[in-house]
Amino acid sequence: MVFMNTVAIHRRVQSSELSRNSAAVFAAAEQGPIDITRRDGEDFVLAKASDAAKERRAISIAADLVAASLSTSGVDLADRLRGPFPWIEFLAPQSQVRFATEIVNVTRACAAVGQFSKLLVVFEAWRSSAETIANGYTSDDELEWLDVPVSVTDPRNKT
């Protein structure tokens with residue numbers, strides 16, 4: 001049975017269905033969480049471990065943002081974010097401000113719809129940028145951007 005609420009579409013099955021047809025229920029859980037209803041106790045949710053881990057990571061990021069935003073120190077949010085996210089030190093000052101603004105806005109939007117995958121994408125993109133800068137890339141480095149892809153031979157194939 002499928003039901004819709006304001007956050008997401010979930011599937012709901014009775015615990016007896018899990019017993020009778022576990023393969024089908026597990027296959028359905030690959031597509032998203034399944035609510036397992038029980039007569040003798042509280043319902044369960046069957047979900048992929050990787051999805052649960054991503055949700056915990058997003059909640060951790062959101063908690064760090066809340067903690068940083070509640071500070072009454074008078075320091076700008078971008079500066080307060082150095083505590084939970086020390087890697088932003090590698091970003092230019094204007095990029096730190098852009099990160100702070102974007103991550104707060106995306107977190108709020110994700111919370112509004114109950115889906116946090118976009119938060120993780122945005123967060124990891126900023127973190128990857130900081131790692132790239134830490135590894136020596138600077139915006140002053142000369143890069144040649146291509147308008148169309150160019151095929152090249154694999155340098156590992158020495159023939």
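Note: hydrogens, waters and symmetry copies are ignored here, and every other heavy atom, side chains too, is used.
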Open item on the list: I'd like to know whether Leu77 forms a side-chain contact (heavy atoms from CB on, under 4.5 Å) with Ser69, so could you lay out the CA-CA distance, the side-chain angles of the two residues, the decisive distance to 0.1 Å, and finally the verdict.
Closed with: CA-CA 6 Å; Leu77 178 60; Ser69 67; 4.3 Å; yes
Open item on the list: Could you walk me through whether Asn21 and Phe26 satisfy the side-chain contact (heavy atoms from CB on, under 4.5 Å) test, starting with their C-alpha distance in whole Å, then the side-chain angles of each, then the deciding distance to 0.1 Å, before giving a yes or no?
Closed with: CA-CA 9 Å; Asn21 198 359; Phe26 288 142; over 6 Å; no
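Interatomic distance, Thr37 OG1 to Glu42 CD, rounded to the nearest 0.5 Å: 12.5 Å. Rounding to the nearest 0.5 angstrom, the gap separating the SG atom in Cys110 from the CZ atom in Phe123 is 13.0 Å. Of the inter-residue distances, the one linking Asp154 atom CG with Ser151 atom OG reads 12.0 Å to the nearest 0.5 angstrom. Rounding to the nearest 0.5 Å gives a distance of 7.0 Å between CG of Leu46 and CG of Leu18.
At distances below 3.5 Å, at least one donor-acceptor pair connects side-chain atoms of Asn105 with backbone N or O atoms of Thr101. Ser22 places no side-chain N or O within donor-acceptor distance of the main-chain N or O of Ser19, the cut-off being under 3.5 Å.
Listed by first and then second residue, the side-chain hydrogen bond (donor to acceptor under 3.5 Å, both in side chains) pairs involving residues 125-136 are Glu102-Trp126, Glu124-Arg127, Arg127-Glu131 (not counting sequence neighbours).
When all heavy atoms are compared, the tightest approach of Val106 to Leu119 is CG1-CA, 3.7 Å. Of all the heavy atoms in Arg80 and Ser73, the pair that sits closest is CD-OG, 3.9 Å. Scanning both residues, Ile88 and Ala78, for their nearest heavy atoms gives CD1-O, 3.3 Å. Here the closest heavy-atom approach between residue Ala130 and residue Phe90 is recorded as O-CB, 3.7 Å. When all heavy atoms are compared, the tightest approach of Pro33 to Val45 is CB-CG1, 3.8 Å. Listed here is the closest heavy atom pair of Ala62 and Thr107: CB-CG2, 3.9 Å.
Partners of Leu146 by side-chain contact (heavy atoms from CB on, under 4.5 Å), not counting sequence neighbours, listed by chain and number: Glu144, Val150. Residues passing the ring-ring contact (aromatic ring centres under 6.0 Å, His included) test with Phe116, sequence neighbours excluded: none. In terms of the side-chain contact (heavy atoms from CB on, under 4.5 Å) criterion, residue partners of Ser15 (sequence neighbours excluded) are, by chain and number, Ile36, Arg38. Shown here are the side-chain contact (heavy atoms from CB on, under 4.5 Å) partners of Leu120, two or more places apart in sequence or in another chain: Lys54, Arg57, Ala58, Ile61. Not counting sequence neighbours, Glu55 has no partner by the side-chain hydrogen bond (donor to acceptor under 3.5 Å, both in side chains) test.
Residues Asp43 and Arg12 form a side-chain contact, since some pair of their non-hydrogen atoms from C-beta on lies under 4.5 Å apart. In this structure, Asn157 and Thr153 have side chains that are not in contact, with every pair of non-hydrogen atoms separated by 4.5 Å or more. Side chains of Val13 and Ile34 form a contact here, defined as non-hydrogen atoms less than 4.5 Å apart. In this structure the side chain of Leu65 reaches within 4.5 angstrom of the side chain of Phe85, judged on heavy atoms. Looking at heavy atoms from C-beta onward, Gln31 lies in side-chain contact with Arg11 at the 4.5 angstrom threshold.
If you check the side chains of Arg82 and Gln96, you find a donor sitting under 3.5 Å from an acceptor.
Leu81 and Val97 are members of different hydrophobic clusters when ILVMFWY side chains are connected at heavy-atom separations under 4.5 Å.
Shown here is Asp40, whose CG atom has more than 12 heavy atoms of other residues, nucleotides or ligands within 6.0 Å.
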